[in-house]
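The structure appears right after this line, and notes come after that.
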2 protein chains.
Amino acid sequence: MGYTIGQVAEKFDLTAHTIRYYDKEGLLPFVDRSKAGNREFSDSDLDWLKLICCLKNTGMPIKQIKHYIEWCLQGDDTLEIRRQMFVDHRKEVLKQMDNLKENLKTIDFKLEFYDTICKVHVNGEKLSMGKQNDDCLKIIRQIVI
Amino acid sequence: MGYTIGQVAEKFDLTAHTIRYYDKEGLLPFVDRSKAGNREFSDSDLDWLKLICCLKNTGMPIKQIKHYIEWCLQGDDTLEIRRQMFVDHRKEVLKQMDNLKENLKTIDFKLEFYDTICKVHVNGEKLSMGKQNDDCLKIIRQIVI
DNA sequence: CGTCGAGTTAAAGCTAACTCGAAGTGATGG
DNA sequence: CCATCACTTCGAGTTAGCTTTAACTCGACG
């Protein structure tokens with residue numbers, strides 16, 4: 001029987017429009033059609049789509065994903081080049097993770113600052129902080145906003 | 001003295017064009033100008049730009065970064081909303097890390113498969129694998145390309 | 001004084017990845 | 001028989017984030 005484009009769209013949190021767009025761009029050449037001309041996705045098609053989403057969500061451009069699909073259709077001659085693509089892309093993903101970790105540090109530092117200063121601000125009138133602390137916070141506020 | 005736009009561009013691996021674009025979009029309202037009208041970046045400006053790059057590289061749209069900058073200029077009334085922005089964005093970044101980890105698993109699985117099958121393919125003629133193994137690999141190849 | 005390099009603006013152009021709309025087809029339920 | 005609904009194609013439009021171009025201005029160097 002297979003899945004309709006609508007069902008697949010829901011499963012993958014895409015729109016039917018987007019899936020048709022992927023098809024038009026050559027990412028789904030393996031998807032069969034019903035007599036009426038409607039796309040019928042098999043379970044293996046869903047596996048392909050899952051991989052396509054994985055590559056797309058890790059920043060691979062649609063054109064390169066298309067190359068990969070073409071290589072797959074070409075057969076065993078392209079096995080090595082495909083393997084190499086995954087090796088390279090894996091490196092890319094690791095780099096993304098490193099960058100993300102670095103940026104998370106920056107955000108955490110910022111957040112620590114905001115947590116401190118917001119607490120002071122809310123209780124500003126009630127709690128006596130002492131003049132030195134107040135001055136200190138003013139300076140901090142100017143330096144690290 | 002301060003840095004020129006070219007120096008800053010090099011430091012941050014951006015182009016001068018891009019920095020001017022950020023300025024035009026309201027991300028750099030604090031940058032001073034020389035008598036000649038050229039931008040002069042101070043060390044504190046570089047800190048701002050570093051944060052801007054951090055937010056941009058973790059997927060925050062330029063418009064939202066602009067909001068943040070505006071809130072900063074407005075003063076202490078916006079401290080809490082700014083803190084909340086960082087709390088929310090931190091969650092976003094953690095989600096990105098999770099997704100990246102999941103996708104890395106998919107890629108690693110794929111790579112394991114390609115490593116195996118490429119090894120077999122290269123030594124295909126030399127090494128006797130036995131008929132059973134060959135059949136098995138054929139099937140695997142069809143299922144998990 | 002000329003010219004070179006680095007800066008300036010404003011506006012147009014580009015690419016990727018959708019996103020939408022119009023106009024039509026085919027199966028199903030009342 | 002007709003409406004509804006999910007699908008179809010094709011082509012145009014949108015958005016974000018640059019990127020390029022044209023025409024210009026400084027300040028320093030020979």
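What you see below is based on every heavy atom in this structure, not just the backbone, and it leaves out hydrogens, waters and symmetry mates. Note that the coordinates shown come from a computational prediction; the quantities given were computed from them, not determined experimentally. By convention in this document, chain letters (A, B, ...) are assigned in the order of the sequence lines, proteins followed by strands, and residues within each chain are numbered from 1.
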Value in whole Å for how far the [atom2] atom of [N] lies from [atom1] of [X]:
{"X": "B/Leu27", "N": "D/dC18", "atom1": "CG", "atom2": "P", "value": "10 Å"}
{"X": "B/Asp23", "N": "C/dT8", "atom1": "CG", "atom2": "P", "value": "9 Å"}
{"X": "B/Arg33", "N": "D/dC26", "atom1": "CZ", "atom2": "P", "value": "14 Å"}
{"X": "B/Gln64", "N": "D/dA16", "atom1": "CD", "atom2": "P", "value": "12 Å"}
{"X": "B/Leu28", "N": "C/dG7", "atom1": "CG", "atom2": "P", "value": "15 Å"}
{"X": "B/Asp32", "N": "C/dT8", "atom1": "CG", "atom2": "P", "value": "13 Å"}
{"X": "B/Glu10", "N": "C/dG5", "atom1": "CD", "atom2": "C1'", "value": "15 Å"}

Q.
Set out, in order, the CA-CA distance, both residues' side-chain angles and the distance that settles side chain to side chain contact (heavy atoms under 4.5 Å, CB included) for A/Ile107 and B/Val93, then state yes or no.
A. CA-CA 9 Å; A/Ile107 290 166; B/Val93 173; 3.9 Å; yes
Can you name the side-chain contact (heavy atoms from CB on, under 4.5 Å) partners of [X], sequence neighbours left out?
{"X": "B/Gln74", "value": "B/Trp71, B/Thr78"}
{"X": "B/Tyr21", "value": "B/Glu25, B/Ile62"}
{"X": "B/Lys66", "value": "B/Leu27, B/Glu70"}
{"X": "A/Pro29", "value": "A/Ile69, A/Leu73"}

Q.
My understanding is that only residues two or more places apart in sequence, or in another chain, count here; which of them pass salt bridge (charged side-chain N to carboxylate O under 4.0 Å, His left out) with B/Arg20?
A.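 For B/Arg20 there are no salt bridge (charged side-chain N to carboxylate O under 4.0 Å, His left out) partners, ignoring immediate neighbours.
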Q: Mind checking salt bridge (charged side-chain N to carboxylate O under 4.0 Å, His left out) for B/Lys24 and listing every partner two or more places apart, or none if nothing turns up?
A: none
Q) How does each nucleotide of nucleotides 13-23 of chain C score, in 5' to 3' order, for protein heavy atoms under 4.0 Å: base (B), sugar-phosphate only (S), or none (-)? A) ---SBBBBB--
Is there any protein nitrogen or oxygen under 3.5 Å from a nitrogen or oxygen in nucleotides 1-7 of chain D, and what are the pairs?
from  : atom 1 : to     : atom 2 : distance (Å)
D/dC7 : OP1    : A/Thr4 : OG1    : 2.6
D/dC7 : OP1    : A/Gly6 : N      : 2.9

Q | A/Asp32 to A/Asp45 - nearest heavy-atom pair and separation | A |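 Closest pair (atom of A/Asp32, atom of A/Asp45, distance): N-OD2, 4.4 Å.
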Q. Looking only at heavy atoms, what is the nearest atom pair of B/Cys72 and A/Tyr114, with distance?
A.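 Distance-wise, the nearest heavy atoms are SG-OH, 4.2 Å.
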Expected rows: protein N/O vs nucleotides 26-29 of chain C N/O, under 3.5 Å:
none

Q) Which residue pairs pass the side chain to side chain donor-acceptor pair (under 3.5 Å) test when at least one of the two sits in residues 86-102 of chain A, sequence neighbours left out? A)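 Output for this query lists A/Thr58-A/His89, A/Gln84-A/Asp88, A/Arg90-B/Asp108, A/Glu92-A/Lys95, A/Glu102-A/Lys105.
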Q | Any donor-acceptor N/O pair, A/Asp23 side chain to A/Ile19 backbone, under 3.5 Å | A | no
Q: Classify the ring geometry between B/Tyr68 and B/Trp48 as parallel (under 30°), tilted (30 to 60°) or perpendicular (over 60°).
A: tilted
Q.
Run the side chain to side chain donor-acceptor pair (under 3.5 Å) test against A/Arg83 and tell me which residues pass, sequence neighbours left out.
A. A/Glu80, B/Asp115
Q) What does the inter-axis angle of the helix from C/dC1-D/dG30 to C/dG30-D/dC1 come out as, five pairs per end, nearest 10 degrees? A) 10°
